[in-house]
Structure formats: structure tokens, C-alpha cells
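We name chains A, B, ... by the order of the sequence lines, and we start the count at 1 in each one. Just the heavy atoms: all of them, side chains too, but no hydrogens, waters or symmetry mates, feed the values below.
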Protein chains: 2
Amino acid sequence: MSNQMMTLKKLAELSNFSVSTVSKALADNPEISIKTKNKIKKLAEFYNYKPNITAKNLKERKTRAIGVIIPNILAHFFAKVLSGIEKEATEKGYNIITCISDESFEKEVKSIEMLANGSVDGFIISVSKETFVKENYKHLQGAIDKGLPISMFDRVTDKVYCDKVVINDFQSSYTATEKLIKSGCKNVVFVTPIHHTSVGLDRVSGYEKALKDILKRKGKPKVLVIEDYQKFTDSFTEFLKDNKVDGVVAADELSGIYTMNLLIGAGHRVPEDVSVIGFTDGILAGNSNPPLTTVDQRAVELGKVAANNIISRLEDSQKEAITYETTVLETYLIERGSTKFK
Amino acid sequence: MSNQMMTLKKLAELSNFSVSTVSKALADNPEISIKTKNKIKKLAEFYNYKPNITAKNLKERKTRAIGVIIPNILAHFFAKVLSGIEKEATEKGYNIITCISDESFEKEVKSIEMLANGSVDGFIISVSKETFVKENYKHLQGAIDKGLPISMFDRVTDKVYCDKVVINDFQSSYTATEKLIKSGCKNVVFVTPIHHTSVGLDRVSGYEKALKDILKRKGKPKVLVIEDYQKFTDSFTEFLKDNKVDGVVAADELSGIYTMNLLIGAGHRVPEDVSVIGFTDGILAGNSNPPLTTVDQRAVELGKVAANNIISRLEDSQKEAITYETTVLETYLIERGSTKFK
DNA sequence: CTGTTAGCGCCTTCAC
DNA sequence: GTGAAGGCGCTAACAG
């Protein structure tokens, strides 16, 4: 912060009024005469006076800032969510402080601690993979206990009571699988690089349920868990040796693209031999060859709802009553060239 | 911010010491006896005391926060830069407040104004398209005049004196064009959706210079300016009616991908008939079909340097001397399937 | 060694 | 109408 900022005090000296008069005048307090107000306002305008936000925050004991903790900004989905959050927050006069956990539990904890000392009024978070594995949510509960509300999106957990917004992962996956089966696929496989997250698990369940419901016991679920994108090709190639595949539901966009490219490289035709559906409608899907059919994950809306959740909780102090809400957004399938539905 | 936070004052009451003693004890001030220190530290630990950052900021007249203003988070390039900034800033103990200008001048101005009241110590910015067109940089100069230093990356302007970091756009474009010509292309076209930015212009110049140097006057530069991605197909199709093309340099990744898809759709083969090179090495390039040869834009490094620039300026108050630096990062070509170099 | 005092910039009673 | 005083939570110069 600079030291050549105009302050109430300086303005008081310049105008020969007291600090409190200046303050009141600028706040349009009716106690102050119109003349004085005008004088002071002009002066303030002239010197481009802006009240110091830090001082105001200290006084009001709030920051109008929200800490946003996301696992990975390079995933288009999270970038989209962030854009939704930013838009909504800006409109409501809040700043967002962005932290990237890089899927690391430790970084997540550090970010929360770093911001939970008065830097922000609350948090928006999508939980990291590692945190899911560790099942340790003390840092989040700690923030809530300190009076910093939390708003979760997408990767949520039952272990923490707070507002949440998700898409209907189970149903989306069910529908995608169902569509593939009804279009004639006999061997639908589920590929997931996010097996250790709430959404990953929900999507697997939806897939498995659809298989059970529709194929009855004729087809058994086949889930290929990718631990690391580096190992994608090897894992998948290995998998193909022992398994027939004519349909794939991929738990994210990139694995959908990888799947297509790998299958095409291995001599299969998409969608003639194998149909592929991915989750997340990012930039890859529309621009791949063939374009990838995807489940739209409503990223921007997720961000907006998450932002609204935290902001309304911050502004309605009455809302302290512990009635947390979980919003479920419906998704829809965007059909492109990687599938052949009737 | 919550009100159930532990404060120095409360700690003082609880420990029967004065506020200043508590403050000093926690700061490990040698003036305080070890015994007292231990007592107080234990108490602080027990009550999970964290100094209120806002108060500290007010006192020290700084925020340890940096405003980051980017045109578009959905472009992978900017997401990558942001990740570089975030990493570097976090390591040095700074928070980043992210604002998205959406290529709008007005939003850029608003974001700066919103943050230039004591919310941040300085700015990192990549200038929006509209700002370039308007050539109005008063908001940036205003911030600097207030004592808030600015660090620019990628989209920079000579009109503002500050630290900058860019890639060698001219040279990168020159090299890309040169490569295409030397691989046998006679009709290299430059496609740009970012004609109104510093980098866009530099890239065009590099292309034109390469054409002039190598083909002498035999080939004339052909620049296809895309005003809007919506119009891409129409513009390009129109262009193809009147022009032969056997090589394309695209000013960003997406237009490279669009170009390939359009050419392939129109019956051309890539790279047999037409070679394509794009700028920015994002997620699209490696996953397209064929994979797109690109100029690596060093996004993460750009972010890191931009963050370092602003932080070192904030911390070396001596550095006030107006010696601003412009760092130029060298790029390299990542050769993939969309080109056929020998 | 410890405490008092002052002040960062703002707002808000409460006197005058 | 206007101003003096106090306090948000913290640090630091200065007394004791």
C-alpha cells in the first residue's frame, strides 16, 4: 500500500474541518450542512480520495473477500467455475483470493490457515483428491468454528456441514451409460482418473447401476482406474488386451479425449466401433476429431451458486441457524460425433 | 470475519500481562523474559491465537496482496500464467486477488479502482483488447502514481512505464514462418484473432519480415484477421476462395485448431497439403488430430517472472529509482504432426 | 523486564 | 452543524 494516499485526516486539514465532519460529509450524513458537504466532496473528488479499505475492514470486522480454493486451475472445468465465482462475487462487491491446492492436502490446509486470520470472510472450496483419501477435514471444520463459513462445490463431503452445490453426478453417469447401451453397446467401460473424489465415486455408481438395471446381470461393470495421466496409455492398452470395448464413459474430458485418440491409434473407429462419452464440456470436446459427446457439467452455474451461497450466508447473519443447503444442478448430454445415438 | 477471534487484548487479560508484553512475547522480542514468553506462548497456542491480519496491515500500511487482472481465464494460456503467479506469490507469502477483465476496458478500470484503495500493494496485469484499441492507460498510470507498482506480462504497452515480461513474439513468429517456408510452403498465411494487441502485432510483423527476408518479393504477406471466433468459419472460407494456402501460422492455439479442422473438413490434408503452426502450447495442441505444432509461450514462467517483478519492487523500497525492466523470454517450437519439417 | 502511550485510517456516539 | 473522543487489533517508541 502506498503512503501518498489521501486520508480523511489530510482532507480535514485541507478543508479546515474536523475529521469527523469530513467523514460525515462524505457519507452524506444529514447532520452536515449542504454547503460544507459540497465543499468537502469537491475537495475529495479533486484529490481522488478513496477511503482506505483496510481501515474500514478493521472497523467493520469484515473484509469483503472470499478465499477460493481449487484443486487445479489448469483443468478447464475449474477455470470455468472460477469465472462464474469471479463474476458473481464482483457483482456483489466481493473480491476473491484464489489459492490452488494442486490436489494436495497440505497445500489446502496451508491456504486455509493463511487466509483464516482475517484475510477473508469465508471460503469456497472444491476438495482436493488427497484430502478425500485422508478423510481429514479438520481444517475446514476449524474455519467454520472460527466463524468463517464454507461453500463447497463439485467435490464435496458429508463430513462437513456447510452449503454445497453439485451436479447430479450419479444420474448423469446413469443416463450416459443408458444411452450407450440403448444405442447398441454391449461392453461399456468406465474410465476414471478421479476415483478418489466424491464425484468420481458417484459417477462410477451411476454407471454400475445403469448396467445392472438395463443389462440385468448380462454385463458386468468394468471400471478402469487411472492413477496418473502419465500411465494412461499403458493402463488402457493393458486393459484392452483382456477386455472387449464398444462403449466408454470417461469421468472427465481429458480421459475421454485420450481414450478416443488411443482407440483410433489402435485401429478402432469412433463412433462406428466404439462410442465415447466424456464428462465436462470444456474446450477439448468441441474441437477434437471426432468431436466428443459430453455431459455438460454446468461449471459456470456451479461457480455462481457457490458464490451466492457464501455471500448470502455472510450477509444474513440471522441465517446463522444451521440449515445448510445442498443444491443439485441437472446436467444434459451434448451429443457430438463420438457417439451414434438413434 | 468472525467476532469470536482471540485477540491480544483478551490474551492480555487472561495472562495478566499488558497487551504490549503479550505482543512482544509472541514476537520473540528479547526484552521479554523466557518464563513470561513461555507462559504467553502456551496460552496463545491453547486459544489458537492468530494475529488479525487486517490490523497488522493497517499498521504496516501494506496488505501482502497482489491484484491480478487477466483478460480471460478460459484461455488456457492465462490459466497457466495464473498458476505460475499463484505459485510464486504463495511461496513469497503474498495472496493474489484475481479479477477477470473479459477483454473489457471498463471492467479493467473498475477492477483497478476497486483494488487501488488499499486492498492490494500492487498489480499484475495483461492488458485487455479493448484497452489496446482505446489506447487509454490512465487507470494504470493512476495506480502507479498512487504508489501501487504494476507488473505487466504478455500484453504490454510502451505507454506505461513499469516492469514487463514478454516472450519474443516477433522472433517466434519469424522462426515459425521461416520453418514453414524452408519446408517447402509457398503460400504461408497468418491468421489472427488478436490483431489488436501488442503480441498480435509483433507476431504479424515477424511473419511479414520472414516472408520478405526469405521469399524476397516473390510472396506477399497474407494476413487474415478474425474479429470474432463466431465468424471464423465464414471468414476463412471466404478467404480460401481467393487465396492459395499451403502453410498457416495462427496467432493462438484455438485458431490453429479451427484452421486444421476447417481445412480437413474442406478436403485438405494436414500436413501433406497444408502445414499448420499455432501459438500457445495449451491442452488442445497435444490432443488434436493431428497434434498441432506450436510455439511454446512459456506461460508458467511468464507468471513467475511477473510475480517476482512486482514482489521485488514491493520489497526493495530503494528500488524506487525508476529503472524498469522488460524481460524477454525465448520460446521454442514444439513440433508435432501438423507440420512436415525435414 | 514490563507497561503506558500513541497511532495506522476509519466510523460513530456524544458533547457543544 | 460541528468537533472531540474512543475504539477496531496491532506494533513500537518510550518510560519506568
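Residue pairs satisfying the ring pair (Phe, Tyr, Trp, His ring centres under 6.0 Å) criterion with at least one member in residues 99-123 of chain B, sequence neighbours excluded, are listed as follows: B/Phe105-B/His139. Listed by first and then second residue, the ring pair (Phe, Tyr, Trp, His ring centres under 6.0 Å) pairs involving residues 47-70 of chain B amount to none (not counting sequence neighbours).
Taking every side-chain heavy atom of A/Lys56 into account, C/dC11 is the closest of C/dC8, C/dT2, C/dC11. For B/Ser18, the listed nucleotide lying nearest its side chain is C/dG3; candidates were C/dA6, C/dG9, C/dG3.
Phosphate proximity of C/dG9 to B/Arg61: present, with a side-chain N or O under 4.0 Å from OP1 or OP2. Remark: B/Tyr49 is in phosphate contact with D/dC10, judged by side-chain N or O atoms under 4.0 Å from OP1 or OP2.
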Detail all sub-3.5 Å separations between protein N/O atoms and N/O atoms belonging to nucleotides 13-16 of chain D.
unit_1 : atom_1 : unit_2  : atom_2 : d
D/dA13 : N6     : B/Lys24 : NZ     : 3.3

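Atom-to-atom, CG of B/Asn16 to P of C/dT2 comes out at 13 Å; the value is rounded to the nearest Å. Here D/dC10 presents its P atom at 13 Å from CD of B/Glu13, a figure rounded to the nearest Å.
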Exercise for the section: Begin from the C-alpha positions of B/Glu103 and B/Arg155 and carry the test salt bridge (Lys or Arg N to Asp or Glu O under 4.0 Å) through to its verdict. Expected result: CA-CA 11 Å; B/Glu103 304 287 9; B/Arg155 308 238 202 108; 2.8 Å; yes
Problem - Residue pair B/Ile100, B/Phe78: steps toward the side chain to side chain contact (heavy atoms under 4.5 Å, CB included) verdict - result: CA-CA 10 Å; B/Ile100 299 166; B/Phe78 287 114; over 6 Å; no
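Under the 4.0 Å criterion applied to side-chain N and carboxylate O atoms, B/Glu106 and B/Lys110 are assigned as salt-bridge partners. Of the charged side-chain nitrogens involved, none lies within less than 4.0 Å of a carboxylate oxygen, so that B/Lys9 and B/Glu13 do not count as a salt-bridged pair.
A/Asp28 is linked by a salt bridge (Lys or Arg N to Asp or Glu O under 4.0 Å) to A/Lys37, A/Lys41, counting only residues two or more places apart in sequence or in another chain.
Axis angle across the helix from C/dC1-D/dG16 to C/dC16-D/dG1, with five pairs used at each end and values rounded to 10°: 60°.
Between A/Leu314 and the options A/Leu148, A/Thr63, A/Asp121, a side-chain contact (heavy atoms from CB on, under 4.5 Å) holds for only A/Asp121.
With 3.5 Å as the limit, one finds no donor-acceptor pair spanning the side chains of A/Asn309 and A/Glu325.
Contacts with DNA chain D (heavy atom under 4.0 Å) in residues 32-47 of chain B: none are found.
Applying the 3.5 Å distance criterion, the base of C/dC8 shares no donor-acceptor pair with the side chain of B/Lys59.
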